[in-house]
Amino acid sequence: MSIYDTLNDKQRMGVETTEGPVLLLAGAGSGKTRVLTHRIAYLLEEEGVSPWNILAITFTNKAAKEMRDRVDRLVGYGSEQIWVATFHATCVRILRRYADRLGYDNNFTIYDTDDQKSVMKDICKKLNIDTKMFKERAILGAISSAKDELISPMQYAMDAFGDFQKRKISEAYTEYQNTLKKNNAMDFDDLIVKTVELFKSCPEVLAQYQNRFRYIMVDEYQDTNTAQFELVRLLAEQYRNLCVVGDDDQSIYKFRGANIRNILDFEDTYPEATVIKLEQNYRSMGNILAAANAVISNNRGRKGKKLWTAESEGSRLHLRQFDTAQEEAAFIAEDIRSKNREGEASYGDCAVLYRTNAQARLLEERMVVLGIPYTVVGGQNFYGRKEIKDVLAYLKTIDNGRDDVAVKRIINIPKRGIGSTSIAKVQAYADAQEMSFYDALCRTEEIPGLGKAAAKIAPFVTLIQGFRSKVDYYGLEGLLKDLIQMTEYEEYLKENEEEPEDRIENVQELVNKVITYEAEHDQPTLGEFLEEVALVAEIDNVKDDVNRVLLMTLHSAKGLEFPHVYLAGMEDGVFPSYMNITSDNREDLEEERRLAYVGITRAMKDLTLTCAKSRMIHGQTQYNMMSRFVKEIPDELLDRSKPKPRFSEEEVISAYSHTFAQRPVYDYRPKAVPKPKETATAVKPFVSQGIGDLNKIVGISKGIGGAKSGLEYGVGDRVSHIKFGEGTVLSVQEDPRDYKVTVVFDKAGQKVMYASFAKLRKI
DNA sequence: TAGTTGGGTTTTTTT
DNA sequence: AACCCAACTA
């Protein structure tokens with residue numbers, strides 16, 4: 001009996017065909033990850049391949065980690081030597097060694113969307129581009145698309161010759177790349193593009209990696225773009241042992257440059273390829289699969305395959321239409337609660353999927369009202385918060401003084417009396433002398449017309465220099481703590497931001513994050529920490545062992561599965577989105593349909609489709625018809641019964657009475673020098689009252705439903721933390737997104753932390 | 001320079 | 001509805 005005996009014939013073929021190119025067309029739920037992990041195990045155990053010679057590229061860090069864990073369980077050794085990472089992480093790792101060959105420092109910074117935008121803003125000003133006509137976003141979008149296709153600024157300029165609009169974009173593109181290089185920074189797209197560039201300009205570097213990666217596997221191949229394809233092609237050129245796994249029906253990232261032709265034309269690029277189709281689905285009940293097949297069969301551009309299951313039909317899909325989006329959200333929350341009470345499903349078995357992040361709000365409100373523990377994936381990323389970005393900008397400045405964006409972000413935070421006029425003067429000097437913004441700051445006495453502002457800049461420079469000289473001496477944790485203290489950042493938050501307590505806690509959370517990072521790495525460096533932080537996706541932080549309902553977009557849900565799934569907002573105009581209905585490109589609608597296919601196939605046992613006749617979008621009420629995708633599902637698969645009231649009247653009413661609907665509308669903008677107390681009483685109570693209610697409700701529902709808090713530990717339990725050691729849980733507080741845990745550590749004292757970040761263990 | 005106000009725009013999806 | 005930005009005022 002070997003570990004391979006549990007595989008079906010096709011899966012086994014995928015595992016054992018290790019030589020040459022392989023295209024594994026793996027339908028949803030067909031055990032694709034199993035094949036990949038067993039394939040790696042097979043290479044190691046049966047073929048005697050060194051783990052060092054294997055490269056596996058995944059779509060998210062979460063998937064990478066999961067793959068490593070599963071390989072670990074199969075073979076029990078050597079898995080840490082296998083290179084398993086996302087495209088971006090892979091490229092960063094290579095570039096950290098060789099970026100100098102392209103004229104960057106190896107400690108380059110990674111720019112996120114925000115950083116890109118502020119660079120582009122400056123460029124538009126510099127090039128006199130009218131941002132009314134050409135939006136920064138649009139220009140950046142065009143640049144990103146060009147990079148996805150490996151089109152250099154120079155090539156772009158040549159294509160743009162006769163076209164005014166394109167010429168403008170071309171100028172911006174050229175300037176943008178120059179700025180990034182000057183700042184020693186790369187954006188997400190650059191990571192791929194520059195790696196390809198490196199391989200093309202330095203054959204000896206390429207040869208080294210080609211030689212190392214004798215077996216290459218790429219997951220979610222249908223979502224690779226042209227640049228990523230080229231990267232893989234180059235790496236695999238020598239041994240040609242390239243195994244790509246994907247499902248053309250699940251290609252949903254065209255907007256991000258994914259080129260579906262990569263998978264459709266794989267056999268043209270590699271004529272000797274072995275093609276294996278995995279069509280047996282092990283995830284969903286028959287009716288769910290039938291619905292998915294019916295919907296996707298309306299698409300033309302496909303490889304063509306039909307999923308089947310040995311499972312029984314299961315129950316029909318539920319379809320419910322409501323008058324308003326509020327009622328829809330209320331129904332979903334109530335339905336989940338009743339399933340939980342009746343023991344049909346735990347909260348962690350349920351997921352609510354929707355097309356746009358904005359739809360999360362209403363659902364979230366209802367979850368709060370009913371006291372259902374939930375997690376929203378996506379939306380505002382932890383590292384996207386203002387306070388986190390500020391602190392990170394300090395760290396970036398310390399790490400890489402050439403990163404102008406970071407320096408400018410914090411030069412006047414907290415307020416140092418350095419305004420836009422002074423900044424402009426410094427920038428002008430920096431441009432003239434061809435030096436970085438920070439270097440110019442160091443020579444304020446040479447800058448004309450700065451006057452008194454020079455005296456305000458000097459302490460800032462001293463501050464940064466001070467941190468730099470101390471980094472090696474006191475480590476990252478010390479640096480960060482010192483930084484927060486010296487800048488009096490928390491005081492700044494208290495005086496200038498709404499809800500400063502939450503923000504301060506977020507900053508503390510970042511400190512914990514640094515501590516964890518330092519504890520997990522033998523040779524922690526500031527640069528590496530910043531990089532790790534730059535490449536995390538929201539989904540990477542979701543722990544699936546926590547008993548909570550997950551709310552997320554259909555895109556985020558790719559690759560996941562849940563016993564009970566709700567697809568909310570099944571309306572024309574929402575899903576498929578208005579943009580794609582009006583598009584005259586047939587392919588756009590097909591991509592939406594693939595998204596529907598992804599959504600349906602997430603469900604294992606039970607699938608509920610809901611829609612509303614009216615909902616607010618951008619502050620206006622829209623009236624939508626039921627989604628055309630729902631109509632593509634054969635009627636006999638649907639249960640259209642009226643939503644039956646599951647609760648007594650009073651129960652429903654009492655639940656509604658907690659609604660946030662009466663919450664007064666107020667301006668969230670930071671007030672001018674707010675008197676802290678006053679703000680606290682004027683604004684805070686409504687929010688904290690809501691959360692207070694929530695706590696009560698959670699408590700009640702725990703009592704009634706017997707639901708667990710979703711954490712393995714509770715108040716009074718002894719827990720251990722990777723850095724702080726052992727301690728006792730003082731309190732656990734429900735926060736809309738997470739549990740806030742207060743622990744008194746034996747050595748480190750009292751700390752407040754978020755459960756999902758803190759990784760506490762019960763002992 | 002800092003803070004206020006009013007007007008205009010929007011992401012649909014994300015490494 | 002929420003957010004961002006430019007123009008205006010103290």
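Just so you know, these numbers use all the heavy atoms, side chains as well, and skip hydrogens, waters and symmetry mates.
- Taking the C1' atom of each, B/dT12 and C/dC5 are spaced 23 Å apart, rounded to whole Å.
- Defined by atom type and a distance below 3.5 Å, a donor-acceptor pair is missing between the side-chain atoms of A/E571 and A/S627.
- Within 4.0 Å of A/R361, counting heavy atoms only, lie sugar-phosphate atoms of the nucleic acid but no base atom.
- Distance check, rounded to the nearest 0.5 Å: CG of A/L535 to CD of A/E531 gives 6.0 Å.
- In this pair, A/Y253 and A/F59 present their aromatic rings tilted. The plane angle is within the 30 to 60° band.
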*Report, as a single string ordered 5' to 3', how protein heavy atoms within less than 4.0 Å touch nucleotides 8-15 of chain B: B base, S sugar-phosphate only, - not at all.*
--BBBBBB
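- Counting only N and O atoms by type, the side chains of A/Y517 and A/E532 include no donor and acceptor under 3.5 Å apart.
- Residue A/K456 places none of its side-chain N or O atoms closer than 4.0 Å to OP1 or OP2 of B/dT1.
- Between A/K386 atom NZ and C/dC4 atom C1' there is a gap of 11 Å when expressed in whole angstrom units.
- Between the side chains of A/Y221 and A/N262, no donor-acceptor pair is found at a separation under 3.5 Å.
- Here CZ of A/R261 is found 12.5 Å from OG1 of A/T224. Values are rounded to the nearest 0.5 Å.
- Residue contacts for A/N412: at a heavy-atom cut-off of 4.0 Å it reaches the sugar-phosphate backbone alone, with no base atom in range.
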